[in-house]
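Here the structure comes first, spelled out in structure tokens, and everything after it is commentary.
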Amino acid sequence: MSRLLLRLLAGQLTRSEAQLQWLRSAPRRSIIDLSYSTHLMDFQRSSIPSSMRKLVATKLSQNFREAVSLQTVPVPTPGDGDLLIRNRYVGINASDINYSAGRYDRSVTPPFDVGFEGVGEVVGLGLSASSRFTVGDTVAYMSPGAFAEYTVISAKNAIPVPSARPELLALLVSGATAHIALRQLGELKRGETVLVTAAAGGTGQFAVQFAKMAGCHVVGTCSSEEKVEFLKTLGCDRSINYKMEDLAATLRREYPRGVDVVYESIGGSVFDLAVNSLATRGRLLVIGFISGYQSASGLQPVRGSTIPAKLLQKSASIRGFFLNHFLSDYNNSLRSMLELLTAGWLVCKVDGGERDVGGCFMGLDSVYRAVEYMYAGHNLGKVVVELQNNRKL
């Protein structure tokens with residue numbers, strides 16, 4: 001019996017030594033499950049390149065070309081709850097200059113990524129993110145760092161969309177700004193008169209449409225006859241080309257009692273005019289002041305000393321709107337706009353530079369030109385850039 005036991009123990013020791021030898025020869029493996037790294041293969045089954053291009057703010061300046069440089073960097077790897085997006089289209093915003101100038105967050109120092117919004121395909125993802133998304137899904141997002149061929153975003157910030165359409169970019173910042181500001185601060189009532197400045201621009205086009213949906217009479221300002229015709233297609237009741245008509249005189253003559261709501265994005269003298277044009281209990285919504293963004297201060301002078309008296313005389317108000325302060329309303333707003341777009345009730349005009357002398361905005365190099373095009377007032381709708389990701393790196 002004892003001999004049998006010894007033989008069994010000897011056999012067990014031999015097997016244990018063999019197992020230990022196998023463990024010593026096996027490659028080391030992290031306790032953390034990194035198997036999701038195998039997801040870094042895009043939906044066309046071609047390997048993701050090792051490097052990519054992106055725009056980086058290397059100094060603080062309101063001059064976008066001076067502040068931002070085009071760099072080649074490694075393609076980032078998504079974390080557990082992240083998605084790696086191959087950007088197909090990115091959106092241009094007036095605030096891109098404010099961001100590169102460091103005006104939004106004084107604690108942020110260069111270098112930092114730029115660009116706020118993009119739409120593209122999921123080409124990589126973390127393990128937790130795979131519970132909601134898979135390689136090949138199309139998503140839109142609003143997150144810093146969009147001016148890049150590939151961007152890592154949190155899966156929580158990804159918005160599933162049917163396809164990578166540039167029109168979707170118009171909703172993310174420009175559309176949401178108009179939708180939320182007019183609902184939360186505009187307090188629109190049927191029959192009221194709403195003045196929209198820069199009405200044919202990225203956000204102005206939506207303000208016109210949402211005000212019309214609320215049953216308001218809409219007056220839109222613009223800078224060309226082409227834009228006048230576009231505003232008519234949106235249902236704008238009165239389109240004023242301020243290069244052909246005196247805006248102040250036109251408003252005094254045609255709207256002597258004033259306007260109930262102003263959706264204002266230009267600033268400077270136009271802001272002053274908006275204050276003077278308010279009706280009793282009028283509301284002026286300040287969603288920007290683009291005329292000053294390219295200056296050192298970011299502002300154009302206004303007649304501030306007279307504002308308190310003018311507001312008091314009319315029981316009027318001025319209300320500022322910054323989208324980041326209304327993010328609790330964002331998802332519902334975006335859902336409503338997507339429903340309107342799908343139903344064909346909302347126009348999302350995009351401008352890809354078809355009328356620019358340099359041609360369409362294609363590739364990251366053209367972001368500079370797209371920003372300048374918008375600031376020159378040439379755009380009709382939301383300015384977008386199409387990215388080309390077929391380079392062999």
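The analysis underlying the following values was restricted to heavy atoms, covering all of them including side chains, and did not include hydrogens, waters or symmetry mates. As the structure is a prediction and not an experimental result, all values here were calculated from the model.
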Query raised in the report: In this structure, which one of N87, L84, I85 forms a side chain to side chain contact (heavy atoms under 4.5 Å, CB included) with Y150?
Result: L84
Name all residues meeting the ring pair (Phe, Tyr, Trp, His ring centres under 6.0 Å) criterion together with [X]; count only those two or more places apart in sequence or in a different chain, and write none if there are none.
X	answer
F116	Y99
Y368	F64
F326	F321
F322	Y104, H325

Query raised in the report: Quick one: hydrophobic cluster around V270, which other residues, with the 4.5 Å side-chain cut-off, linked directly or via members?
Result: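 V270 clusters with I266.
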Checking the side chain of [X] only, and the main-chain atoms of [Y] only, is there a donor and an acceptor separated by less than 3.5 Å?
X	Y	result
D80	S128	yes
D137	T134	yes
N98	S95	no
S366	G363	yes
D260	T193	yes
T250	D246	yes

Query raised in the report: Is there a side-chain contact between N379 and Y373, using heavy atoms and a 4.5 Å cut-off?
Result: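 In short, these two side chains touch, coming nearer than 4.5 Å.
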Query - pair V371-I92: side-chain heavy atoms closer than 4.5 Å - result: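 Side chain of V371 against side chain of I92, heavy atoms only: contact under 4.5 Å found.
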Requested in this report: Carefully, step by step, assess T151 and S143 under the rule side-chain contact (heavy atoms from CB on, under 4.5 Å).
Outcome: CA-CA 9 Å; T151 302; S143 182; 5.9 Å; no
Inter-residue atom distance [X].[atom1] - [Y].[atom2], 0.5 Å rounding:
X	Y	atom1	atom2	result
R86	I48	CZ	CD1	7.0 Å
L70	R53	CG	CZ	5.0 Å
L55	L364	CG	CG	5.0 Å
C222	L231	SG	CG	5.0 Å
L340	R335	CG	CZ	13.0 Å
Q62	R103	CD	CZ	5.5 Å

Check [X] against [Y] and note the closest heavy-atom contact, atom names and distance.
X	Y	answer
M52	A148	CE-CB, 4.3 Å
S61	E66	OG-OE2, 3.4 Å
A279	G258	CB-C, 3.8 Å
G145	D113	CA-CB, 3.6 Å
A316	L278	CB-CD1, 3.9 Å
V139	P160	CG1-CA, 4.3 Å

**Report entry** Working for salt bridge (Lys or Arg N to Asp or Glu O under 4.0 Å), residues E149 and K54
**Finding:** CA-CA 6 Å; E149 291 173 331; K54 70 175 182 177; over 6 Å; no
Show which side-chain atoms of residues 181-190 pair as donor or acceptor with protein atoms under 3.5 Å away, not counting sequence neighbours.
unit_1	atom_1	unit_2	atom_2	d
R183	NE	H179	NE2	3.1
E187	OE2	R319	NH1	3.1
K189	NZ	E187	O	3.4

Test side chain to side chain donor-acceptor pair (under 3.5 Å) applied to [X] - qualifying residues, sequence neighbours left out:
X	answer
N331	none
D356	R369
N93	E117, K382
S223	K227

Mind listing the side-chain donor-acceptor pairs of residues 195-212 below 3.5 Å, one per line with the distance, residues two or more places apart or on another chain?
unit_1	atom_1	unit_2	atom_2	d
T197	OG1	Y263	O	3.3
T197	OG1	E264	OE2	3.0
T197	OG1	S265	N	3.1
T203	OG1	S174	O	2.8
T203	OG1	Y263	OH	2.7
Q205	OE1	K349	N	2.9
Q205	NE2	G202	O	3.3
Q205	NE2	K349	O	3.1
Q209	OE1	V347	N	2.8
Q209	NE2	Q205	O	3.1
Q209	NE2	V347	O	2.9
K212	NZ	D237	OD1	3.2
K212	NZ	D237	OD2	3.0

Report summary line: In short, side-chain hydrogen bond (donor to acceptor under 3.5 Å, both in side chains) pairs touching residues 277-301 with sequence neighbours left out are E192-R283
Query raised in the report: Got a salt bridge between R238 and E245, using NZ or NE/NH1/NH2 to carboxylate O under 4.0 Å?
Result: yes
Query raised in the report: Which is it for V90 and L387 under the side-chain contact (heavy atoms from CB on, under 4.5 Å) test, yes or no, and what are the steps along the way?
Result: CA-CA 8 Å; V90 295; L387 301 190; 4.1 Å; yes
